[in-house]
Amino acid sequence: MHTVKLKKLYYSYEKTKVFQNNTLVLEVSQNQKNKLYGIIGPSGTGKTTLLSILGGQLKPQKGSVYIDDINIYEVGDKERRNIIAVQMQTATALRGTLRENLVFGIQEDEVLNKDEYLIDVLRRVGLWSLFENKDGLDTLIGEGGVNLSGGQRQRLNFAGLYLRAKHYKPSLILIDEPTSSLDEISERAITQMIDELSQKSVTFVVAHRLKTLDQAVGILDTSLIPTYPELKFYNKDELMTVSQYYRDLQAGKAQLEE
Ligand SMILES: Nc1ncnc2c1ncn2[C@@H]1O[C@H](COP(=O)(O)OP(=O)(O)OP(=O)(O)O)[C@@H](O)[C@H]1O
Ligand SMILES: [Mg+2]
């Protein structure tokens, strides 16, 4: 059984209280085939903040965060990496070669480190064509090298997350889905890769495309936080009855990308 528990969560930025005494309890059997959970909500309602808190990057001012009964703020980075893999919304800075950026954190993994494997992952996320006629995996990127667009960075970040998840087989994967436009092919590929990861690990995805939610077994809607302090993953039928925002999305009156 995998568990994610937030108790009496309180988080406030200087000017904005995002969480006040909120709770989340999720239990997922390892046998459950599909462990994909979506997070939706209007801009500024705390989706990224929630992911950062769960990922160990933003310690709440009050309350506790347990994943598989481990308090993630009481363990070191190394142990945390075995429990959680995170991809945040804004891609991190790049330096060095394409390969170095891709295998950061999994240098010792002989299976995943193979050129063919890395190239295959790059192909799937639609990035390989950019590098194959340059220096391939040894192409320098970031400052002084090939400059990548925001969307390309996010796809590279996603490729890195995919590799780390394959290596560490964490209990929980957290993905803040790229918002910037992807072409249809890499979009489908990324959806497939997310589905693949969620067969093995409980996977929370802040969804910016309705397509991502197709396979989701539960959806947490942050527009409900002011009314319901319990953060809950609803199935789609339940969410239709409790959430105006979700009804608006379904009716095309609201957009996830906003
Ligand atoms: N670093 C920060 N400093 C101050 N306020 C912040 C910071 N990050 C977020 N906030 C505020 O906290 C609230 C929640 O932000 P958060 O980024 O979690 O929203 P979100 O649901 O991820 O939005 P989006 O869909 O636009 O990504 C917002 O009101 C935002 O302005
Ligand atoms: Mg966000």
Side-chain angles (χ1 to χ4, degrees), residues 4-24 26 36-65 67 72-73 84-93 149-158 160-161 172-182 187 190-191 194 202-213 216 218-234 239 242-258:
V4 179
K5 289 183 189 151
L6 293 172
K7 289 181 194 154
K8 300 199 168 174
L9 180 66
Y10 179 92
Y11 192 87
S12 175
Y13 294 103
E14 228 165 273
K15 289 182 185 143
T16 323
K17 285 197 181 78
V18 187
F19 296 108
Q20 297 180 72
N21 216 359
N22 298 102
T23 308
L24 184 156
L26 180 70
L36 183 65
Y37 292 84
I39 298 173
I40 60 170
S43 183
T45 50
K47 302 181 296 295
T48 298
T49 305
L50 179 63
L51 237 56
S52 307
I53 290 171
L54 287 169
Q57 294 140 319
L58 206 61
K59 191 172 193 280
Q61 284 109 353
K62 288 181 207 161
S64 54
V65 185
I67 292 165
I72 59 155
Y73 288 94
I84 317 162
V86 196
Q87 181 193 8
M88 294 316 287
Q89 199 166 14
T90 36
T92 41
S149 73
Q152 289 165 344
R153 264 158 201 266
Q154 288 178 327
R155 279 185 276 161
L156 182 58
N157 248 20
F158 179 77
L161 169 90
L172 182 64
I173 297 174
L174 303 166
I175 303 173
D176 212 339
E177 202 175 41
T179 34
S180 55
S181 61
L182 297 172
E187 194 170 286
I190 287 176
T191 311
I194 291 175
V202 176
T203 304
F204 288 2
V205 181
V206 173
H208 291 289
R209 300 169 297 136
L210 275 174
K211 195 95 199 113
T212 311
L213 296 174
I219 299 174
L220 190 160
D221 179 350
T222 51
S223 78
L224 298 171
I225 295 177
T227 349
Y228 303 103
E230 186 192 345
L231 305 171
K232 199 174 153 188
F233 288 95
Y234 290 96
L239 197 57
V242 294
S243 165
Q244 183 64 49
Y245 174 71
Y246 188 66
R247 285 194 294 274
D248 286 349
L249 278 179
Q250 293 302 327
K253 286 189 241 164
Q255 304 297 324
L256 281 177
E257 302 88 72
E258 279 162 14

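The structure displayed is predicted, hence computed values, not measured ones. Excluded from the calculations below are hydrogen atoms, water molecules and symmetry mates; all remaining heavy atoms, backbone and side chain alike, are included. Counting starts at 1 for both ligands and their atoms, in listed order.
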Checklist entry - With a 4.0 Å heavy-atom cut-off (strictly under), which part of T16 contacts ligand 1: side chain, backbone, both or neither? => result side chain

Checklist outcome for this item: So for T49 against ligand 1, with non-hydrogen atoms under 4.0 Å, the contacting part is both

Could you tell me whether a side-chain N or O of [X] sits under 3.5 Å from a main-chain N or O of [Y], the two making a donor and an acceptor?
| X | Y | value |
| --- | --- | --- |
| E177 | V205 | no |
| Y11 | K59 | no |
| T45 | P42 | yes |
| Q87 | Q154 | yes |
| N22 | E230 | no |

Checklist entry - Would you say H208 and ligand 1 have an N/O pair spaced under 3.5 Å apart? => result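 No: no nitrogen or oxygen of H208 is under 3.5 Å from one in ligand 1.
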
Checklist entry - Relative to the ring of F204, is the ring of F233 parallel (under 30°), tilted (30 to 60°) or perpendicular (over 60°)? => result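 The rings of F233 and F204 sit tilted, inter-plane angle from 30° to 60°.
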
Checklist entry - Is T222 near ligand 1, meaning one of its heavy atoms is under 4.0 Å from it? => result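 Distance cut 4.0 Å: T222 fails for ligand 1.
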
Checklist entry - Does ligand 1 have any atom that is closer than 4.0 Å to a heavy atom of G46? => result yes

Checklist entry - Relative to the heavy atoms of V18, which atoms of ligand 1 are at a distance of less than 4.0 Å? => result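 The list of qualifying atoms is 12 (O), 13 (C).
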
Checklist entry - Considering only heavy atoms of S43, which atoms of ligand 1 have at least one such atom less than 4.0 Å away? => result 23 (O), 24 (P), 25 (O), 26 (O)

Checklist entry - Mind counting the protein N, O or S atoms sitting less than 2.8 Å from the Mg ion (ligand 2)? => result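 My tally for this metal is 2.
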
Next on the checklist: Quick check for you: to the nearest 0.5 Å, what is the distance between I39 atom CD1 and L54 atom CG?
Outcome noted: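 These two atoms lie 7.0 Å from each other.
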
Item to check | Verdict with reasoning, Q244 to R247, per side-chain hydrogen bond (donor to acceptor under 3.5 Å, both in side chains) | outcome: CA-CA 5 Å; Q244 183 64 49; R247 285 194 294 274; 2.9 Å; yes

Next on the checklist: Salt bridge or not between E187 and R209? Use side-chain N to carboxylate O under 4.0 Å.
Outcome noted: yes

